[in-house]
Visitor: 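Below is the structure I would like to discuss, written out as structure tokens.
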Amino acid sequence: MQRVNKAACLLLALGVLLATGCKHEAKGYWKDTRRYYREYLNTPAKLDLEDKGEVAPAEARLAEGFAGIDIQLRALERALENSDRKPDTAWAKQMFQRFPWISGLAAVDSEGRVMAQQPEAPMKPLDFAPLLQEDAKQNMRALRSYVQDTPMGPEVYVGVPVYSGTDFRGLVIAHFDIRALLPYSSRPADLMIAAPGQVMWPGRFDAQATPVASTDWSSAVTKDVYGTVANANGEFYWVSRYLGNLPLVFAVPEAGSFPEKPEQLAILKQAAALGSASTPNEPVTEIQPAYPELDESEGSILTKPAPQASDDSKVKEEAIR
């Protein structure tokens, strides 16, 4: 519980940060963060009158780099948490319109069988099975997430479990390429994004030459929600946030010099094509069949077969190329 509370306080100012759309207020986010942490979690024994609350350059860069992405992820979490009311055609249409960066939506039953899916023929080989595993550390109805490493890049899954009473019926899932969120960052080239076991976005850096790639994030995020990691080349400043039960780590360089791979930034020009925005009308208006409605009178809430494959994914693949 302490970890959750610390993370909540660290990110508490985030909603206010981008509400005005002013880039200079990124520094204010970190001032508020530090104030909340000291007031409610790590109260000093006595008042430090010399603390001016100044924000370090790395803190400001990190806030600018990840704040816009974090707001999108929080909105997706809220949308999925409310999806068990009626995840039907209208809901799917709204999801694609509201989150053009998601790759697709799916509904699977308790055995992992795909009952409905959009787009009909995903570009990546999708694996929903890990979401079926319950996390003993969280509520059984809490969002579940994981990252799948594919030849076409990492795919992040976040699913809301659906129950009839205490009977697990399946999951309603959204999945996306983390790079499709880079347009929401003010500093995508300076930002690295990681999860336990992998770097999902290296920015302009040679990931293996950074401490972000060598850090055991599964362990690190259980101790702190932000901090510094270092290797022989220098230091990175980082902050973590949870998407469901998946810790995501955002980091920027703080000191030192790191080898770079500027060719990696080419994907920034094509980031929008990684989400559903590359074909804005088709995924929204051509959803067949409807996503399952949660009608307790039915034998199962996941009764519709997955749609037949189409050529939509070929169009999308060409856009990425």
Side-chain angles (χ1 to χ4, degrees), residues 72-73 75-77 79-80 82-84 86-109 111-132 143-160 162 170-184 200 243-244 267 269-293 301-321:
Q72 291 295 314
L73 293 175
L76 177 64
E77 286 178 317
L80 286 172
N82 293 329
S83 66
D84 61 343
K86 193 177 182 182
D88 55 9
T89 304
W91 173 82
K93 177 179 179 179
Q94 183 183 44
M95 290 289 287
F96 279 116
Q97 289 176 332
R98 187 177 180 187
F99 306 106
W101 45 270
I102 63 175
S103 306
L105 298 166
V108 302
D109 67 12
E111 301 297 323
R113 292 184 292 264
V114 178
M115 309 306 291
Q117 186 172 5
Q118 186 61 234
E120 300 167 353
M123 292 179 55
K124 296 179 180 179
L126 302 179
D127 182 10
F128 302 116
L131 292 177
L132 297 174
L143 294 177
R144 306 175 185 179
S145 303
Y146 94 102
V147 182
Q148 177 190 6
D149 191 18
T150 80
M152 298 183 67
E155 193 76 1
V156 181
Y157 298 76
V158 54
V160 56
V162 178
L171 292 149
V172 177
I173 301 164
H175 56 92
F176 58 93
D177 189 315
I178 195 72
R179 297 171 298 178
L181 281 163
L182 294 176
Y184 297 91
M200 296 189 290
L243 178 65
I267 193 65
K269 297 180 180 179
Q270 307 167 0
L274 299 174
S276 62
S278 60
T279 52
N281 293 324
E282 295 178 25
V284 172
T285 61
E286 299 289 335
I287 297 178
Q288 294 293 334
Y291 278 78
E293 298 184 16
I301 61 169
L302 301 169
T303 58
K304 302 293 186 181
Q308 296 299 310
S310 71
D311 293 331
D312 291 348
S313 62
K314 296 180 181 179
V315 175
K316 189 173 180 180
E317 186 173 8
E318 289 299 322
I320 294 179
R321 290 177 181 174

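In this text the structure is predicted, and so the values were computed from the model without any measurement. Sequence positions, counted from 1, serve as the residue numbers for this chain.
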Visitor: Of the non-hydrogen atoms in Q117 and V114, which two are nearest, and what is the gap between them?
Guide: OE1-CG1, 3.5 Å
Visitor: Rounded at 0.5 Å granularity, tell me how far OG1 in T150 sits from CG in D127.
Guide: 11.5 Å
Visitor: Return the minimal non-hydrogen interatomic distance between P154 and M200, and the atom names on each side.
Guide: CG-O, 3.8 Å
Visitor: Looking at side-chain heavy atoms only, is the closest gap between Y184 and L73 below 4.5 Å?
Guide: no
Visitor: Identify the heavy atoms of R144 and L131 that sit nearest to each other, and give their distance.
Guide: NH1-O, 2.8 Å
Visitor: To the nearest 0.5 Å, how far apart are CG in D177 and CD1 in I102?
Guide: 13.0 Å
Visitor: Does anything in residues 146-156 pair up under salt bridge (Lys or Arg N to Asp or Glu O under 4.0 Å), and if so which pairs, sequence neighbours excluded?
Guide: K124-E155
Visitor: Drop me the distance from L143's CG to I173's CD1, to the nearest 0.5 angstrom.
Guide: 11.5 Å
Visitor: Can you name the closest pair of heavy atoms from G104 and P119 and give their distance?
Guide: CA-CD, 3.7 Å
Visitor: Can you tell me if Q148 uses its side chain to pair, donor with acceptor, with the backbone of P125 under 3.5 Å?
Guide: yes
Visitor: Between atom CZ of F96 and atom CH2 of W101, what is the distance when rounded to the nearest 0.5 Å?
Guide: 11.5 Å
Visitor: Looking only at heavy atoms, what is the nearest atom pair of A180 and G275, with distance?
Guide: CB-N, 4.1 Å
Visitor: Tell me, do F99 and F176 make a side-chain contact under 4.5 Å, heavy atoms counted?
Guide: no
Visitor: Is the shortest side-chain heavy-atom distance between M95 and L80 below 4.5 Å?
Guide: yes
Visitor: Using 30° and 60° as the class limits, which term best fits the ring planes of F128 and Y157: parallel, tilted or perpendicular?
Guide: perpendicular
Visitor: Nearest 0.5 Å, please: how far is CZ in R179 from CG in L274?
Guide: 5.5 Å
